[in-house]
Amino acid sequence: MRRDLVLAVDVGSSAARAAIVSADGHLLGRATHPFAVHRPVTDHAEHSSDEIWGAVGHASRQAIAGAGIDPSRIAGLAFDATCSLAMFDREGRPVTVSSTGEDRWNVVMWADHRAVGEASEMTSTRHRVLDYVGGTMSAEMELPKLLWLKRNLPQSWARCGLALDLADFLLWKATGRIAVSACTVTCKWTYLNHEQPGWQQDFLDRMGLADLPTRAQLPVSAQPIGTPAGPLTPQAAADLGVTTACTVGVGLIDAHAGGIGVLGGFSAYELDRRLALIAGTSTCHMAVSTMPRPTPGVWGPYFGAMLPGLWLNEGGQSATGALLEHILDWHAEGRRLEGNRHERVGARIAELLASEGPAMAGELHVLPDFHGNRSPLADPLAKGAIHGLTLDSSFDSLARLYYATAVGIALGNRHIVDALNRSGYAIDHLHLTGGHAANRLLVQLYADAADCSVVLSQESDGVLLGTGVVAAAAAGLHPTLEAAGRAMVRSGETVRPEPATRDFFDRRYRAFLLLHEQSTALRALG
């Protein structure tokens, strides 16, 4: 029997997805299974690791069945996941991270913002680890969350015997081995992958986390992405529907998998002009270079956190697809819609654009920071704003507001591109994957707002493809991660900016920056 396929598993914000991926980068079958998000109080968001693993098994078995393949053909497996934090005791049993005290909820979701105060404290230290997170600690990173747990749930902290980023938890669950990824700990735990030692104990001591290495069982060093971590345990193989001969590779954060899935086919010296956009509920921006490029308000530079031997700058918008969904829920006409609401509103926007052009938004301007500003302002307390509202409550008013919101999201992307280019990049190509790639309105807006070409991939699901690249390297289907990327990642359609809209978007961008200034001034008034 040939062993020429791999299994890629992606754990997102509310569902696990799995796909069978061929050695040349084609997705042969895929499946999805949901899991819960628990929100006991404002700014708290939690998962159950048991429920996530159950969803992973269900999706994996369904993907194998959908592909119609013999599981013995699957040579490798890799996981990607959101940058969420899972906690266990010394026996591997879940330990609660929830104010409810239920051990079922033992994962702090990436979008959880309970630790804003702790993140601010860490930023105020000006410790040099901050030089590698854009100068500002984010509440979405793991150390602020761990400090919050130690302070606010001391009984959970006393029971803690293992803490892992979600992708590393999945590898541990699959193999029984603790092997943390250079991606997860470098990007979210202040591990300096370009130094030895990578853990900065003086920073942990200063923040009252001196016991973290013991509590969390932190390995001395992190493992490169795609390193073979070992075979599946018999129980995990049964759960996933594969054989124990399947090699599990060290995984990565979901957005970073998407970065590999769209940029993995390019040489290092082609990357200065290319930015990966992994855009769905939120948007992550991945820029890679051969040298470190510190960029205020943009995470990184991280060494070896996505592509081997290269430095990564990671920008982001914490609410993009989620914001468009919120606008539909917020407007009375949006709440009345049934079926695919985004498609129905998009159809009306297309009609209004055809008759009125982009000025159809009128005086509506949207500042999209409804869940803070991850980049380039690095301000979790930032708020969104809508300027130009009237008493119009018609369906067309919803279409115009939705369009203005989409424009605001695209201008937020331009804000990040500008910051990266000031640091030495020359980005003029946006490689887009995720849910936004299927939305023609958003695709064109990304191109027009930033005056960049938007490149779509031949394989639409860059996150699963990127994880498949990692699995293929771990299984030896290709000799290196770079070779796997060259063999499996291919660009597709290119959407170019419309020259006729240049002046419009330049004016909207000036208004966008002015809204930021006004928002800051209003907050200063208190």
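E142 meets the salt bridge (Lys or Arg N to Asp or Glu O under 4.0 Å) test with no other residue; sequence neighbours excluded. With sequence neighbours excluded, the residues that form a salt bridge (Lys or Arg N to Asp or Glu O under 4.0 Å) with E325 are R341. Looking at residues two or more places apart in sequence or on another chain, you find a ring pair (Phe, Tyr, Trp, His ring centres under 6.0 Å) between F88 and F169, W172. In this structure, H26 has no ring pair (Phe, Tyr, Trp, His ring centres under 6.0 Å) partners at least two apart in sequence or on a different chain. W189 is linked by a ring pair (Phe, Tyr, Trp, His ring centres under 6.0 Å) to nothing, counting only residues two or more places apart in sequence or in another chain.
Side chains of W311 and T290: no donor on one and acceptor on the other come within 3.5 Å. If you check the side chains of H431 and R274, you find a donor sitting under 3.5 Å from an acceptor. Looking at T320 and Q317, their side chains never bring a donor and an acceptor atom within 3.5 Å of each other. In the model, D168 has a side-chain atom that pairs as donor or acceptor with a side-chain atom of T184 under 3.5 Å. In the model, H256 has a side-chain atom that pairs as donor or acceptor with a side-chain atom of E314 under 3.5 Å. If you check the side chains of T96 and E102, you find no donor sitting under 3.5 Å from an acceptor.
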Verdict with supporting geometry, Y302 and N313, side chain to side chain donor-acceptor pair (under 3.5 Å): CA-CA 7 Å; Y302 301 132; N313 288 102; over 6 Å; no
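Screening residues 48-65 for salt bridge (charged side-chain N to carboxylate O under 4.0 Å, His left out), with sequence neighbours left out, gives E51-R104.
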